[in-house]
Every structure is written in C-alpha cells, then in structure tokens.
Visitor: 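To start, I am sharing the structure in question, which I have written as structure tokens.
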Amino acid sequence: MQMGQTQPILEVDKLCTYFGTKARIPAVRDVTFAVRRGEVLGLVGESGSGKSVTLRSILGLSRRYGQVTGAVRWKGRDISNLSERALRPIRGGEIAMIFQEPMTSLNPLLTVGLQLTETLKAHTDLGRAGRRARAIEMLEHVGIPSAASRLEDYPHQFSGGMRQRVMIAIALAAEPELLLADEPTTALDVTIQAQILDLILRLSDELNMGVILVTHDLGVVAQTCESVAVMYAGRIVEQGPVRQVLHAPGHPYTTGLMRSVPQDVPARTPLYSVPGTPPSLLALPPGCAYALRCASCIDHCLTARPTLDDIAPGRRAACFNPEPISERRPA
C-alpha cells in the first residue's frame, strides 16, 4: 500500500444516524475516523453494530430514511449536507460502494452490460466502444468466464456469487479514489474470495485508492487491512493498527471477538462465544452498552458512557477498564 501521504482523503467526524420520527433509533453514534490514500481500513463487529449504516451515511444514502448529523469531509470538503445533485458525480466516480446484497442492488430489468456501461458513461469520457471494452475487461478481472457473451445477460441469469462479482466490477469500473466495500466476498467461495480480495488490494495499490472494508472475518482483516475499527451498538469501541489490535486487544469486546475465532481447538470442544446479546437500540443502557456482557465491568461502567480515548500510541478504546496492553507485545 502507498502510505506516503499523511493527509486523509476522507475524514468522518462525530457521525450520527437516527431512524424513526418518534423513537429516533440511534443506529450510529459519534463515529470518528479517517482514511488516507492507499490505506485499507477494516470495520468489524457483530451484525447490527452499525457498520453498513456508517458506509451508507458517508455517501448520504441514509438521509432518505433517517437523520444524519456530524461531518463527512471528502478531500477537505464537507459533503454531509450536499444536495443529491451535487453528490451525483462523487457517488460512483470518486467514492464507489459494493453493497452487501447484489440481488437487491442490481436492476433486474437491465442487462449487466448496460448497468456497467451506464456507470462508465456517467463518470468517464469513454465512447461507446471504449465503454464496452472496459466492461468486458472488468468482468474478466472479477473472474466471470466468457465475459463478452455475458454482457447481454440479466442478473437472474447469474448465480449469487456471480452477481456479487458483477457488483464489484461496477464499483471498480470508474477507478474510484475510495471504495466502500460492504462484505464484498460474503457470497463467494474461498478461492474466489481470495481472488477478489487480491484484486481490490492490487487496485488499491495501483490507483492509490483508499478502501473501507466491512467484514465479519477477522482473518480477512488480518491479511488485508492496515488499520481496524471495532464497532459495537453503533459506536466505535476500539481503533488502531490492525496488527496491534488483533494481537493485543485493548477493549474487552475485541478480546471476545478474538476468542471466538477457533485456534488449535481439540475435537468436540465447545467453541467460545461472547456471552449475552447486544442491547436493543431502542433501549440502550445509560452506561457502557457492553457492560452487561463484559467480564471486566466495574461499577462506573453501568452509569457512565466511556469515550474513545488514547490507551497507547496510535491506539484508542472506549473503555473505563481496558486490557493492560502495555504489558503485552504484539506477536
């Protein structure tokens, strides 16, 4: 990855997203992070922790259904309050997104070739022949055989994994500067998953493209990301370089996620899982949202909400009783 630039290309500052008119469900709360050119940031956490909503809020897609506050600075410009018209050249051209469910993202009435070339028509200067050649090239890049003959096919003529590859091809077609990847390899087998991740990383390196990768797979984070942000109940609870965070977690929730990954477990041994369930966003506790599941909980955790503070150089955690990482060394 090209990490020579120190100025972030994307800065998210105290991003909050609420849904509902009366209840105001806080799906994302006070999320703050930055992404530099060529950097791959991993966003991890249980289902419902706010990862996908965070990505959609960055592009302003959550505004149709909820209220979004905070700042989203793209190359130094706050785009959080831009109109749909002003956001149009940024979406897909400068910032692209791979959505989690391709069947609901692809238009079933249009061929995949048309959906690929309309992105190129909106965000590049290529002519009709150039757009077709680029579409074929992108389908080949993501591993779709006989790419030229598949341009006239419709989404229902592809398998789930093939549809996901089409979505990835559409997102990368215009060579964006930032890619928001919402679990891009969920529907793919292990071999194709590795190929897609290698493709994303190669393009990130070649284009100096920043990437925010949402995934449940900590192994993928360890292999592909340089930094990681762990989310729980709509908030970031730990942030830092991926190697340090995964080898010496500072937040008890991160420790629980790491313990949930089977490593040298004897046969017929019950696997570890984080005890309890995440709290309802409709009834969040007054203190730390993780307190009732946490083995390191102290009385203060039940009444006060911890902020994301420095716990070591380059490391932050939202915890009143963090793990003693100063006594541990990354492997």
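None of the values given here were measured: they were computed from a predicted structure.
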Visitor: So which of Val245, Thr254, Leu218, Leu213 actually passes side-chain contact (heavy atoms from CB on, under 4.5 Å) with Val228?
Guide: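 Of the listed options, the one satisfying the test is Val245.
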Visitor: Is the backbone N or O of Leu106 less than 3.5 Å from a side-chain atom of Gln115, with the two atoms forming a donor-acceptor pair by type?
Guide: no
Visitor: Is the shortest side-chain heavy-atom distance between Ile200 and Val211 below 4.5 Å?
Guide: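 Yes, side chains in contact.
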Visitor: Between Ser105 and Phe99, is there a donor-acceptor pair closer than 3.5 Å when you use the side chain of the first and the backbone of the second?
Guide: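 Here the side-chain-to-backbone pair does not exist.
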Visitor: Okay, side chain of Asp310, backbone of Ala312: is any donor-acceptor separation there less than 3.5 Å?
Guide: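 No, the answer is negative, given that no donor and acceptor are paired below the 3.5 Å cut-off.
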Visitor: Do we see a donor-acceptor contact under 3.5 Å between the side chains of Ser57 and Thr17?
Guide: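 Result is yes, a qualifying pair exists.
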Visitor: Is Ser146 reaching over with its side chain to a backbone N or O of Ser149, donor-acceptor style, under 3.5 angstrom?
Guide: no
Visitor: Measuring from atom CD1 of Ile95 to atom CD1 of Ile9, what distance do you get when rounded to the nearest 0.5 angstrom?
Guide: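 That separation rounds to 8.0 Å.
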Visitor: Taking Leu59's backbone N and O only, do any of them form a donor-acceptor pair with Arg91's side chain (distance below 3.5 Å, no angle check)?
Guide: yes
Visitor: Closer than 3.5 angstrom, by distance alone: can the side chain of Asn321 be matched with the main-chain N or O of Ser296 as a donor-acceptor pair?
Guide: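 The answer is yes, because a donor-acceptor pair under 3.5 Å joins these two groups.
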Visitor: Would you check if the side chain of Arg316 reaches a backbone N or O of Gln239 as a donor-acceptor pair within less than 3.5 Å?
Guide: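 No; judged by distance alone, with no hydrogens or angles, the pair does not exist.
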Visitor: Under the ring-ring contact (aromatic ring centres under 6.0 Å, His included) rule, collect the residues that match up with His300, sequence neighbours excluded.
Guide: Phe320
Visitor: Test your reading of the model: is there a side-chain donor-acceptor pair from Glu39 to the backbone of Arg36, 3.5 Å cut-off?
Guide: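 Yes, because the side chain of Glu39 sits within donor-acceptor range (under 3.5 Å) of the backbone of Arg36.
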Visitor: Taking Glu177 first and then Arg37, would you say they form a salt bridge - that is, a charged N and a carboxylate O separated by under 4.0 Å?
Guide: yes
Visitor: Could you see if Val68 belongs to whatever hydrophobic cluster contains Phe19? Use Ile, Leu, Val, Met, Phe, Trp, Tyr and a side-chain cutoff under 4.5 Å.
Guide: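 Val68 clusters together with Phe19.
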Visitor: For Glu206, is there an ion pair with Arg202 - N to carboxylate O distance below 4.0 angstrom?
Guide: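 Yes.
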Visitor: Inspect the contact between Arg134 and Glu175 and indicate whether a charged nitrogen and a carboxylate oxygen are less than 4.0 angstrom apart.
Guide: yes
Visitor: Among the clusters formed by ILVMFWY side chains lying less than 4.5 Å apart, do Val242 and Val40 turn up in the same one?
Guide: no
Visitor: Would Arg150 and Asp153 pass as an ion pair if we require N to O under 4.0 Å?
Guide: yes
Visitor: Please determine if Arg293 and Glu46 form a salt bridge, counting it only when a charged side-chain N lies under 4.0 Å from a carboxylate O.
Guide: yes
Visitor: Stepwise, does the salt bridge (charged side-chain N to carboxylate O under 4.0 Å, His left out) test hold for Glu226 with Arg243?
Guide: CA-CA 8 Å; Glu226 295 154 309; Arg243 184 175 177 83; over 6 Å; no
Visitor: Taking the side chain from Arg63 and the backbone from Ser80, do they hold a donor-acceptor pair closer than 3.5 Å?
Guide: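 Pair found, side chain donor or acceptor close to backbone of Ser80.
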Visitor: Got a salt bridge between Arg77 and Glu11, using NZ or NE/NH1/NH2 to carboxylate O under 4.0 Å?
Guide: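 Result for this pair is no, no salt bridge flagged.
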Visitor: Could Arg131 and Glu118 be called an ion pair, given the rule that one side-chain N must be under 4.0 Å from one carboxylate O?
Guide: no
Visitor: Can Lys51 and Glu183 be counted as an ion pair, charged N to O under 4.0 angstrom?
Guide: no
Visitor: Cation-pi check, Arg24 to Tyr18: give yes when NZ or CZ is under 6.0 Å from the six-membered ring centre and within 45° of the ring axis, no otherwise.
Guide: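 Ring-cation test returns yes.
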Visitor: Do the side chain of His251 and the main chain of Ala318 share a donor and acceptor less than 3.5 angstrom apart?
Guide: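 The answer is yes, because a donor-acceptor pair under 3.5 Å joins these two groups.
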Visitor: Tell me the closest heavy-atom pair linking Ala233 and Leu284, and the distance in Å.
Guide: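 Result for this residue pair: CB-CD2, 4.4 Å.
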Visitor: With sequence neighbours left out, which residue pairs that include part of residues 217-240 fulfil the ring-ring contact (aromatic ring centres under 6.0 Å, His included) condition?
Guide: Tyr232-Tyr253, Tyr232-Tyr290
Visitor: Atom CD of Glu84 and atom CG of Leu87: how far apart are they, to the nearest 0.5 Å?
Guide: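 One gets 6.0 Å once the value is rounded to the nearest 0.5 Å.
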